[in-house]
Amino acid sequence: MIVLVHGGAGRYRPEIEERREVILRELSSAAVVGVETLRTGNALDAVVEAITYMESCGEFNAGKGAVLNIRGELELDAGLMWGPRMEIGAVGGLKGYWNAIKLARFILEETDHILVTGEGANIIAEKIGLEKASPSKRRIQFFPKIRERTLKGKYWWRKNLEIYNLLGYSTVGAVALDKEGNLAAGASTGGIWLKLPGRLGDTPIPGAGFYADNVCAASATGLGEAIMRALLTFRACRNIALGLNIKEAAREAIKVLTLISGPNTGGIILLDSRGNYSFAANTEILLRAIAKEGEKPKAAIKTSEKLVAIK
Ligand code: GLY
């Protein structure tokens with residue numbers, strides 16, 4: 001029984017040291033919530049609970065900590081995949097509610113659809129009683145001048161990418177292996193700073209932001225436009241099917257991501273049905289944690305850092 005989580009990737013900024021303890025604690029708590037769920041539940045339950053924790057803690061770019069679009073609105077994306085039957089549920093551009101991953105689960109289990117956006121997503125959110133988002137908890141927008149000029153049509157989002165690159169990414173995600181040997185994967189995000197309304201990234205797209213079958217599960221974080229071009233999570237899992245070991249599989253997928261879209265574009269967590277795992281990124285930081293039954297959780301911030309045990 002094992003759960004891996006990620007909480008974002010991007011450039012290293014010294015200010016992150018001020019929040020190091022909190023970040024490591026929240027990452028490891030999410031992984032522990034996942035492993036505790038595995039005592040009675042399956043890998044899908046564990047992924048949903050770990051991600052719900054990260055959406056609700058407000059520390060990451062998902063749920064209560066989500067970034068806002070160029071108009072200052074909250075638009076959340078999430079995706080979830082159950083490996084044994086390759087079933088998928090995903091939601092794009094959810095407005096007005098915090099926990100997009102729970103909505104993705106409803107779509108996976110209760111509908112014949114895979115990806116729902118707009119009014120349909122709101123109908124489901126009402127039906128399952130998702131917690132309503134309160135504007136007071138949203139983060140302040142950066143770069144008011146850029147926002148103003150973009151809103152006036154002076155330049156488009158292409159320019160905003162440069163700024164976004166400096167801010168980093170902090171989409172959350174999880175993969176889990178349960179005692180039956182089943183795998184699941186998921187991800188949740190507010191998207192990217194200053195995104196256009198209606199923009200969807202990799203997080204609700206199967207094979208890009210998340211993927212699971214009965215051999216491998218993967219979840220990605222980073223620039224959605226780059227991750228979608230590389231089909232990052234499917235690529236990493238396919239590498240295992242082609243015979244690469246799990247470290248090589250993750251590294252090769254990140255190499256392709258870099259070749260297509262350049263450095264500082266993303267990271268991935270990968271777990272196979274035998275409990276082997278790996279993390280890889282072309283960014284300076286990859287927030288990540290792992291928890292196994294009966295062991296202390298471990299977490300790390302910089303991509304080059306080793307995981308350290310968290311009390
Ligand atoms: N990875 C999150 C996004 O690009 O939307």
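Only a predicted model underlies this, so the values are computations on that prediction, with no experimental measurement involved. Residue numbers run from 1 in the order of the sequence given. Heavy-atom basis, side chains included; hydrogens, waters and symmetry copies ignored. Atoms within a ligand are numbered from 1 in the order they appear, just like the ligands themselves.
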With Ile88, the side-chain contact (heavy atoms from CB on, under 4.5 Å) member among Leu80, Leu115, Ile114: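 Exactly one pass, corresponding to Ile114.
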Using distance alone, decide if ligand 1 has a nitrogen or oxygen within less than 3.5 Å of any nitrogen or oxygen in [X].
X      : result
Ile192 : no
Asp77  : no
Asp202 : yes
Gly201 : no

Closer than 4.0 angstrom: is that true for some heavy atom of Arg199 and an atom of ligand 1? yes
Is the contact between Glu75 and ligand 1 made by the side chain, the backbone, both, or neither, using heavy atoms and a 4.0 Å cut-off? neither
At less than 4.0 angstrom from any non-hydrogen atom of [X], what atoms of ligand 1 do you find?
X      : result
Thr171 : 1 (N), 2 (C)
Thr203 : 1 (N), 2 (C)
Gly191 : 5 (O)

With a 6.0 Å cut-off (strictly less than), is the heavy-atom count around NZ of Lys127, excluding the residue itself, greater than 12? no
Does atom CD (Glu15) have a neighbourhood of more than 12 heavy atoms from anything else shown, all under 6.0 Å?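 Counting neighbours around CD of Glu15, more than 12 heavy atoms of other residues, nucleotides or ligands fall under 6.0 Å, so yes.
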Contacts of Glu110 meeting salt bridge (Lys or Arg N to Asp or Glu O under 4.0 Å) (sequence neighbours excluded), chain-then-number -> none
Partners of Asp213 by salt bridge (Lys or Arg N to Asp or Glu O under 4.0 Å), sequence neighbours excluded?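 In terms of salt bridge (Lys or Arg N to Asp or Glu O under 4.0 Å), with neighbours along the sequence ignored, Asp213 is linked to no residue.
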Going by the closest heavy atom to atom 4 (O) of ligand 1, which one wins out of Ser188, Ala226, Pro204, Gly224? Gly224
Non-hydrogen atoms of Leu196 and Glu75 that approach each other most closely: O-OE1, 4.1 Å
For the residue pair Asp45 and Arg105, establish whether any side-chain heavy-atom pair is separated by less than 4.5 Å. yes
